[in-house]
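Encoded as structure tokens, the structure appears first; notes follow it.
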Amino acid sequence: MERYSGRIFDNHFHLNQASDFAAAVRIFRSAGGTSLNITNLPSHDRKENYYDMLYRETIRIADIVRSQFGVETLVTIGPYPFDYFFFDQAQIDPMETMRHGLDLAARYIEEGMADAIGEIGFPHIPQSDEVMQKFWELLDYAMAVAHDVKAPLVLHTFDLSCDDYMRLEKRANSYGNVMLVKHHARPEDLSCNTSIFRSIPASRRAIREALRISRNFMMETDFINDPNDMNKFLPPDSVPKRAQMILQEYDDGGEILNRIFNEIPESVYQRLRDHQ
């Protein structure tokens, strides 16, 4: 059976330092995975210097993955939408604190220690208009910051309509064509005419549905090595396995994989362009 030997890139992968994250990386690599975008995992058990500690820990884990396992590693850091409620309940100004988190993420990107800002955006459950306005203000601030450091923004949102994509794209363009990546996009989102990059969960069903519409997407698991529930998200070897599925089921499988794992990611992330 033919095996794909090129880059195999999971665009959204969390690693929990409180569990055996090395085991997850070994599973990914042994299945053929070569490249990970490690996204910071919220840790609402501390309040002081929250973002500095979170980002440093994410970068430390990425360095271990890169140096000890030989996996090409990107780092995405930023204020997670639900941080807003954590700070609010702790009687800490969430807007000021999350703006600081965005500024700090930009600094790490400027220093070459991180590659994208995220996952940021909106809660995926309904909120009041007043609260949603706060998230729009934070997103506007993030777009301005991202423009200044020429970094992509990785979005966590509710399910988007094509009109929602148009609204976000128009907003990003007003800041100078800021690059947006929709994390956990649905296959049907690929029918929307937008410049926003979409990252599709790597289940068999989702990838087959996505490929009926387009080849212009990235692939992700949103994996978390949760010690209490290892089956909470897609397994760490899902993206490599979907690569083999594509190679077996599609006559132009190699071209599809080159688009998903090379052309699209390299158009988003500077570090991948540098490594091509």
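Given the structure is predicted, the values throughout are model-derived calculations rather than measurements.
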Query raised in the report: Is there a side-chain contact (heavy atoms from CB on, under 4.5 Å) between N40 and Y51 once you walk through the steps?
Result: CA-CA 10 Å; N40 57 205; Y51 288 115; 5.9 Å; no
Query - Intermediate values then yes/no, salt bridge (Lys or Arg N to Asp or Glu O under 4.0 Å), E57 and R60 - result: CA-CA 5 Å; E57 187 58 34; R60 185 188 73 84; 2.6 Å; yes
Query - Pair Y84-K134, side-chain contact (heavy atoms from CB on, under 4.5 Å): steps then yes or no - result: CA-CA 9 Å; Y84 178 94; K134 299 291 186 183; 3.7 Å; yes
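Here D140 pairs with R171 in a salt bridge; the nearest charged N to carboxylate O distance falls below 4.0 Å. A salt bridge links R208 with E249: at least one charged nitrogen is closer than 4.0 Å to a carboxylate oxygen. Here D103 does not pair with R99 in a salt bridge; the nearest charged N to carboxylate O distance is not below 4.0 Å. Ionic pairing of E72 and R66 is not present here: no N-O contact between side-chain nitrogen and carboxylate oxygen is shorter than 4.0 angstrom. Between R205 and E209 there is a salt bridge, since a side-chain N of the basic residue sits under 4.0 Å from a carboxylate O of the acidic one.
Annotation: ring pair (Phe, Tyr, Trp, His ring centres under 6.0 Å) contacts of F82 (sequence neighbours excluded): Y80, F85, H124. With sequence neighbours excluded, no residue satisfies ring pair (Phe, Tyr, Trp, His ring centres under 6.0 Å) with F21. Legend: residues meeting side-chain contact (heavy atoms from CB on, under 4.5 Å) with D20, ordered by chain and number and at least two apart, are A22, A23. Here S43 pairs with D45, R46 under the side-chain contact (heavy atoms from CB on, under 4.5 Å) rule; sequence neighbours left out. Every residue two or more places apart in sequence or in another chain that forms a side-chain contact (heavy atoms from CB on, under 4.5 Å) with E110 is listed here: V149. Not counting sequence neighbours, D88 has no partner by the salt bridge (Lys or Arg N to Asp or Glu O under 4.0 Å) test. Partners of D93 according to the salt bridge (Lys or Arg N to Asp or Glu O under 4.0 Å) rule, which considers only residues two or more places apart in sequence or in another chain, do not exist here. Under the rule for a side-chain contact (heavy atoms from CB on, under 4.5 Å), the partners of T194 that lie at least two apart in sequence or sit in another chain are Y165, E169, C192, I196, R198.
Here the closest non-hydrogen pair linking L155 and L139 is CD2-CD1, 4.0 Å.
The distance from atom OG1 of T39 to atom NE2 of H14, rounded to the nearest 0.5 Å, is 5.5 Å. Between the CG atom of D115 and the CG atom of L74 there is a distance of 4.5 Å, given to the nearest 0.5 Å.
I27 and V25 fall into different hydrophobic clusters, where Ile, Leu, Val, Met, Phe, Trp and Tyr side chains are chained together by heavy-atom contacts under 4.5 Å. Hydrophobic clustering places F87 together with L104 (ILVMFWY residues linked when any side-chain heavy atoms are closer than 4.5 Å, directly or through intermediates). Hydrophobic clustering of Ile, Leu, Val, Met, Phe, Trp and Tyr side chains at less than 4.5 Å, counting indirect connections, unites M245 with L190. Taking hydrophobic clusters as Ile, Leu, Val, Met, Phe, Trp and Tyr residues chained together by side-chain heavy-atom distances below 4.5 Å, F122 shares a cluster with F86. Cluster annotation: V268 and V154 are assigned to the same hydrophobic cluster (Ile/Leu/Val/Met/Phe/Trp/Tyr, side-chain heavy-atom contacts under 4.5 Å, transitive).
Each of V181, L168, T76, I117 was checked for a side chain to side chain contact (heavy atoms under 4.5 Å, CB included) with L153, and the lone residue meeting it is I117. Looking at I61, N225, N16 one by one, the single match for side chain to side chain contact (heavy atoms under 4.5 Å, CB included) with L41 turns out to be N16.
For residues 45-89, the set of pairs meeting the disulfide (SG to SG under 2.5 Å) definition, not counting sequence neighbours, is empty. Within the structure, the ring pair (Phe, Tyr, Trp, His ring centres under 6.0 Å) test picks out no pair touching residues 89-110 (sequence neighbours left out). Applying the ring pair (Phe, Tyr, Trp, His ring centres under 6.0 Å) test to residues at least two apart or on different chains, the pairs with a partner in residues 181-201 are H12-H183. Applying the disulfide (SG to SG under 2.5 Å) test to residues at least two apart or on different chains, none of the pairs has a partner in residues 57-116.
Using a 30° and 60° split on the angle between ring planes, F13 and F28 fall in the tilted class, from 30° to 60°.
Side-chain polar atoms of Y269 and N37 form a donor-acceptor pair below 3.5 angstrom. No hydrogens or angles considered: a donor-acceptor pair under 3.5 Å links the side chains of Q270 and D274.
A donor-acceptor pair is defined here as one N or O able to donate and one able to accept, closer than 3.5 Å; such a pair exists between the side chain of Y55 and the backbone of G101.
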